[in-house]
Amino acid sequence: MKVFLFIIFSGVITFGAITLKQQDPLQESITRGQEIYTDFCMNCHMANGEGVANTYPPLAKSDYLKNNRAASIRGIKYGQKGEITVNGITYNGNMTAMGLDDEEVADVMNFINNSWGNSNKKMVTEAEVSAIKK
């Protein structure tokens with residue numbers, strides 16, 4: 001009987017741990033987004049998100065990300081061309097589209113929005129990215 005109760009109790013604990021881990025979809029998205037950032041974004045925007053002065057805008061503590069959510073998503077999804085102002089500095093460059101699907105765009109946005117002094121707990125979703133058109 002003790003062995004039976006132990007097995008049941010162990011199963012409940014294990015199930016509970018799995019359930020807790022799966023309860024934070026934002027954190028899961030951030031984790032996936034970090035890998036995407038490393039693969040596609042880090043070469044220009046740097047590991048610390050600070051970009052390259054007067055060439056690639058910073059993502060760290062970025063007022064542009066905070067104030068231009070749809071435009072930021074659009075830039076990652078379709079690429080960015082022309083002038084933007086980030087933290088008071090105007091950038092006029094060209095960022096090509098990376099070929100990411102909508103879930104990947106959402107994931108990398110969630111990573112960027114919650115890294116390097118950015119704090120945006122309102123999760124970017126695949127559906128939100130899908131709704132963004134050129």
Side-chain angles (χ1 to χ4, degrees):
M1 180 69 166
K2 287 182 183 180
V3 173
F4 177 74
L5 289 175
F6 176 76
I7 291 170
I8 297 290
F9 185 69
S10 296
V12 169
I13 299 260
T14 302
F15 179 75
I18 292 169
T19 302
L20 286 176
K21 184 178 179 184
Q22 294 175 347
Q23 285 181 344
D24 191 356
L26 176 58
Q27 188 56 52
E28 290 176 0
S29 178
I30 290 169
T31 299
R32 290 188 306 267
Q34 182 175 14
E35 187 174 325
I36 295 164
Y37 182 85
T38 299
D39 290 346
F40 292 91
C41 312
M42 191 166 66
N43 286 339
C44 297
H45 295 286
M46 304 292 116
N48 58 9
E50 291 182 4
V52 175
N54 301 311
T55 305
Y56 302 114
L59 303 174
K61 299 177 187 166
S62 170
D63 63 349
Y64 186 84
L65 286 172
K66 182 178 178 184
N67 299 323
N68 300 283
R69 183 176 172 106
S72 297
I73 293 168
R74 187 176 295 107
I76 293 171
K77 185 173 180 176
Y78 298 111
Q80 173 75 41
K81 187 175 183 180
E83 285 189 0
I84 62 169
T85 301
V86 181
N87 300 340
I89 299 172
T90 300
Y91 294 84
N92 189 8
N94 186 24
M95 181 176 91
T96 60
M98 300 292 134
L100 303 175
D101 66 30
D102 290 347
E103 181 180 31
E104 291 169 324
V105 172
D107 289 342
V108 79
M109 276 294 297
N110 286 320
F111 171 70
I112 292 166
N113 280 339
N114 291 283
S115 299
W116 317 299
N118 299 322
S119 181
N120 186 344
K121 299 300 179 191
K122 183 176 183 234
M123 185 172 173
V124 176
T125 65
E126 184 178 354
E128 180 181 3
V129 174
S130 180
I132 301 287
K133 305 299 178 202
K134 271 189 171 180

Are more than 12 heavy atoms, taken from residues, nucleotides or ligands other than Gln27, located less than 6.0 Å from that residue's CD atom?
yes
Side chain to side chain contact (heavy atoms under 4.5 Å, CB included) between Val108 and Phe40, intermediate numbers included
CA-CA 10 Å; Val108 79; Phe40 292 91; over 6 Å; no
Students often mix this up, so state it plainly: with edges at 30° and 60°, are the rings of Trp116 and Tyr37 parallel, tilted or perpendicular?
tilted
Under 3.5 Å donor-acceptor, Arg74 side chain and Lys133 backbone:
yes
Applying the 4.5 Å side-chain criterion to the ILVMFWY set and letting contacts propagate, would Met42 and Met46 be lumped into a single cluster?
no
Got a second to check how far Glu103's CD is from Thr125's OG1, nearest 0.5 Å?
11.0 Å
Determine the minimum heavy-atom distance between Val129 and Lys77, stating which atoms define it.
O-NZ, 2.8 Å
How many angstroms lie between atom NE2 of His45 and atom OG1 of Thr55, to the nearest 0.5 angstrom?
11.0 Å
With rounding to the nearest 0.5 angstrom, report the OG to CG distance, Ser130 to Asp101.
10.5 Å
Answer yes or no: is there a donor N or O on one side and an acceptor on the other, between the side chain of Tyr78 and the main chain of Ile132, under 3.5 Å?
yes
I would like to know whether Asn118 and Lys66 meet side chain to side chain contact (heavy atoms under 4.5 Å, CB included); could you show each step before the answer?
CA-CA 8 Å; Asn118 299 322; Lys66 182 178 178 184; over 6 Å; no
For the SG atom of Cys41 and the OH atom of Tyr56, what is their distance to the nearest 0.5 Å?
12.5 Å
Please determine whether the number of non-hydrogen atoms from other residues, nucleotides or ligands lying under 6.0 Å from atom CG of Asn54 exceeds 12.
no
For Thr31, is there any backbone N or O sitting under 3.5 Å from a side-chain donor or acceptor partner on Gln34?
no
The single option from Ile30, Val124, Ile36, Ile76 passing side chain to side chain contact (heavy atoms under 4.5 Å, CB included) against Ile112
Ile76
Glu128/Arg69 ion pair, N-O < 4.0 Å
yes
Is Ser29 reaching over with its side chain to a backbone N or O of Pro25, donor-acceptor style, under 3.5 angstrom?
no
Looking at Lys61 and Pro58, would you say the former's side chain and the latter's main chain have a donor-acceptor pair under 3.5 Å?
no
Closest contact, heavy atoms only, Glu126 versus Asp102
CG-CB, 3.8 Å
Verify, without hydrogens or angle tests, whether Asn113 (side chain) and Asn120 (backbone) share a donor-acceptor contact under 3.5 angstrom.
no
Does the side chain to side chain contact (heavy atoms under 4.5 Å, CB included) test come out yes or no for Asn114 and Leu26, once each step is laid out?
CA-CA 10 Å; Asn114 291 283; Leu26 176 58; 4.2 Å; yes
Any chance OH of Tyr64 has more than 12 other-residue heavy atoms, nucleotides or ligands included, within less than 6.0 Å?
yes
Looking at Val52 and Tyr91, what are the two nearest heavy atoms and their distance?
O-CE2, 4.3 Å
Mind checking the CG-CG spacing from Asp39 to Leu100? Nearest 0.5 Å is all I need.
9.5 Å
Asp63 side chain to Asn87 main-chain N or O, any donor-acceptor pair under 3.5 Å?
yes
For the pair Cys44 and Met95, evaluate side chain to side chain contact (heavy atoms under 4.5 Å, CB included) and give the outcome as yes or no after the intermediate values.
CA-CA 9 Å; Cys44 297; Met95 181 176 91; over 6 Å; no
Rounded to the nearest 0.5 angstrom, the OG1-CG distance for Thr85 and Asn92 is 10.0 Å
